[in-house]
**Student:** 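One structure, pasted below without further comment.
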Amino acid sequence: MTGTVSTAYSPPVKYITKTVWTLSIISFLTDTASEMLYPVMPIYLKSIGFSIFLIGVIEGIAEATAGLSKGYFGKLSDIQGRRAIFVQAGYSLSALTKPLMVLFVYPAWVVFIRTLDRFGKGIRTGARDALLSNETTIETKGRVFGFHRSMDTFGAVLGPTVALVYLHYYPEQYKVLFILALAPGLLAIAASRFIHDKSKPVMKPETKVSFFTSFKYLNVSSKEYKKLVGGLLFFALFNSSDVFLLLMVKQAGHDDMFVIAIYIFYNLVYALFSYPLGIVADKMGLKTILVAGLVLFSFVYLGMSFIQSVYGFFFLFALYGIYSAATEGISKAWISNISHKKDTATAIGTYSGLQSICSLIASSLAGFLWFAFGPTVLFLTTAIITSLVALYFILVSLTPSKSIT
């Protein structure tokens with residue numbers, strides 16, 4: 001009787017789990033709602049009397065004020081050992097505040113409403129990214145975060161497309177869009193109910209959390225974390241809101257339809273490249289892809305200072321989409337690799353929070369430079385600074401070789 005050799009069946013590796021899918025669908029719906037309004041926001045605010053400088057300040061204040069909450073709620077999520085409740089509450093707040101923009105036109109109220117919207121993002125960001133990180137290994141961080149970013153950005157394709165179709169039939173009637181944006185937001189709230197914590201929450205002994213916990217964590221974090229986040233935050237100081245890119249397109253003489261169309265195109269490129277670049281980053285290294293993205297960003301801002309043609313703008317926004325795909329999800333994947341698993345939400349929340357504070361400075365500075373010296377000075381300055389940041393990452397020793405547990 002001859003013996004036979006049996007081999008155990010090995011099921012295919014499942015990179016995109018149910019939790020990753022659910023979080024990605026929620027982000028898709030939320031971004032659909034947000035991006036129905038984002039390309040219209042500066043145009044709408046200008047139509048009711050806001051200057052470009054004031055728009056920059058409003059965006060910066062909203063991002064910075066709400067950004068402080070990211071570190072706070074990230075730390076709170078880590079301490080409580082809970083993720084789902086923060087995800088659900090954050091998405092709900094963002095969805096329900098958007099329609100309020102049509103009810104108030106005074107600057108103080110606009111800042112307050114925009115801050116509430118961003119505050120919702122602050123509540124959910126750290127906990128959501130911690131959930132994503134828990135679904136990965138060191139070898140799959142790039143692709144999982146890239147997949148989530150891709151789904152999120154497809155919402156940024158659908159949202160402006162809805163806005164484009166609507167404004168085609170009802171030009172300059174912006175207020176109804178704010179009401180329409182409530183629908184996908186409510187669907188996101190419903191989908192968030194399918195998110196559950198897989199383990200029973202375990203409270204840590206240190207239960208006191210400061211609202212300025214971002215600064216405290218930065219002091220006690222590892223050298224690797226400080227070097228990585230330090231470079232990213234310096235870049236954020238000069239990375240102003242995309243509103244200024246859209247305003248440049250508008251100032252070049254293109255109508256609202258073109259502004260929204262090119263924003264859709266940018267997000268489509270961003271969505272299509274996020275997942276593939278995540279896979280490439282897992283193979284070639286997160287640092288390589290991040291640096292390449294920064295180089296593209298510098299080239300785009302250099303081009304924005306002198307290109308005004310239709311084809312030129314499409315070329316630059318295509319590169320800008322690739323830059324976004326190469327940096328947004330990659331940076332969070334990298335941070336999660338060099339942070340202790342028990343502090344993942346705090347580490348990402350701290351970075352996101354401090355990044356938002358930098359956005360206040362960046363958007364306010366951009367508004368001032370545009371107002372005082374013109375857009376060319378703004379774009380050239382940003383391009384030069386970004387080139388220096390890319391050089392920093394090339395030279396600095398940063399090797400996220402192992403995930404910390």
**Student:** Please test His254 against Val310 for side-chain contact (heavy atoms from CB on, under 4.5 Å), starting from the C-alpha separation and ending with a verdict.
**Tutor:** CA-CA 9 Å; His254 302 288; Val310 171; 3.5 Å; yes

**Student:** Test: side chain to side chain donor-acceptor pair (under 3.5 Å). Region: residues 377-388. Which pairs qualify, not counting sequence neighbours?
**Tutor:**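 Applying side chain to side chain donor-acceptor pair (under 3.5 Å) to every pair that reaches into residues 377-388, excluding sequence neighbours, yields Ser298-Ser387.
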
**Student:** With Lys283, which residues qualify under side chain to side chain donor-acceptor pair (under 3.5 Å), at least two apart?
**Tutor:**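 Partners of Lys283 by the side chain to side chain donor-acceptor pair (under 3.5 Å) criterion come out as none, since no residue qualifies.
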
**Student:** Please list every donor-acceptor pair under 3.5 Å in which a side-chain atom of residues 147-160 meets a protein atom from a residue at least two apart or in another chain.
**Tutor:**
| from | atom 1 | to | atom 2 | distance (Å) |
| --- | --- | --- | --- | --- |
| His148 | NE2 | Ser27 | OG | 2.7 |
| Arg149 | NH1 | Asp152 | OD1 | 3.3 |
| Ser150 | OG | Ala271 | O | 2.6 |
| Thr153 | OG1 | Arg149 | O | 2.7 |

**Student:** Closest approach of Thr30 and Ala188, non-hydrogen atoms and distance?
**Tutor:**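 The answer is OG1-CB, 3.4 Å.
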
**Student:** Apply ring-ring contact (aromatic ring centres under 6.0 Å, His included) to the pair Phe265 and Phe317, showing each step before the final yes or no.
**Tutor:** CA-CA 7 Å; Phe265 173 72; Phe317 273 83; 8.2 Å; no

**Student:** Output, in order, the C-alpha distance, side-chain angles, deciding distance and verdict of side-chain contact (heavy atoms from CB on, under 4.5 Å) for Tyr263 and Glu35.
**Tutor:** CA-CA 9 Å; Tyr263 187 67; Glu35 299 297 337; 2.5 Å; yes

**Student:** If every non-hydrogen atom of Ser192 is compared with every non-hydrogen atom of Gln88, which pair is closest and at what distance?
**Tutor:**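 Here Ser192 and Gln88 meet closest at O-NE2, 3.1 Å.
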
**Student:** Walk me through it: do Phe235 and Phe297 pass the test side-chain contact (heavy atoms from CB on, under 4.5 Å)?
**Tutor:** CA-CA 11 Å; Phe235 167 61; Phe297 180 95; 3.7 Å; yes

**Student:** Does anything in residues 310-329 pair up under side chain to side chain donor-acceptor pair (under 3.5 Å), and if so which pairs, sequence neighbours excluded?
**Tutor:**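 Matches after skipping sequence neighbours: Asn239-Tyr323, Asp242-Tyr320, Tyr266-Ser324.
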
**Student:** Take Tyr225 and Tyr351, measure what side-chain contact (heavy atoms from CB on, under 4.5 Å) needs, and give me the verdict at the end.
**Tutor:** CA-CA 10 Å; Tyr225 182 88; Tyr351 162 65; 3.9 Å; yes

**Student:** For Tyr170, check side-chain contact (heavy atoms from CB on, under 4.5 Å) against everything at least two apart and list the hits.
**Tutor:**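 Listed in chain order: Tyr166, Gln173.
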
**Student:** Where does the angle between the aromatic ring planes of Trp370 and Phe244 fall among parallel (under 30°), tilted (30 to 60°) and perpendicular (over 60°)?
**Tutor:**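 Tilted, since the angle between the ring planes falls between 30° and 60°.
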
**Student:** Output all residues satisfying side-chain contact (heavy atoms from CB on, under 4.5 Å) with Leu365, sequence neighbours left out; order by chain, then residue number.
**Tutor:**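 Per chain and number, Leu365 pairs via side-chain contact (heavy atoms from CB on, under 4.5 Å) with Phe238, Leu369.
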
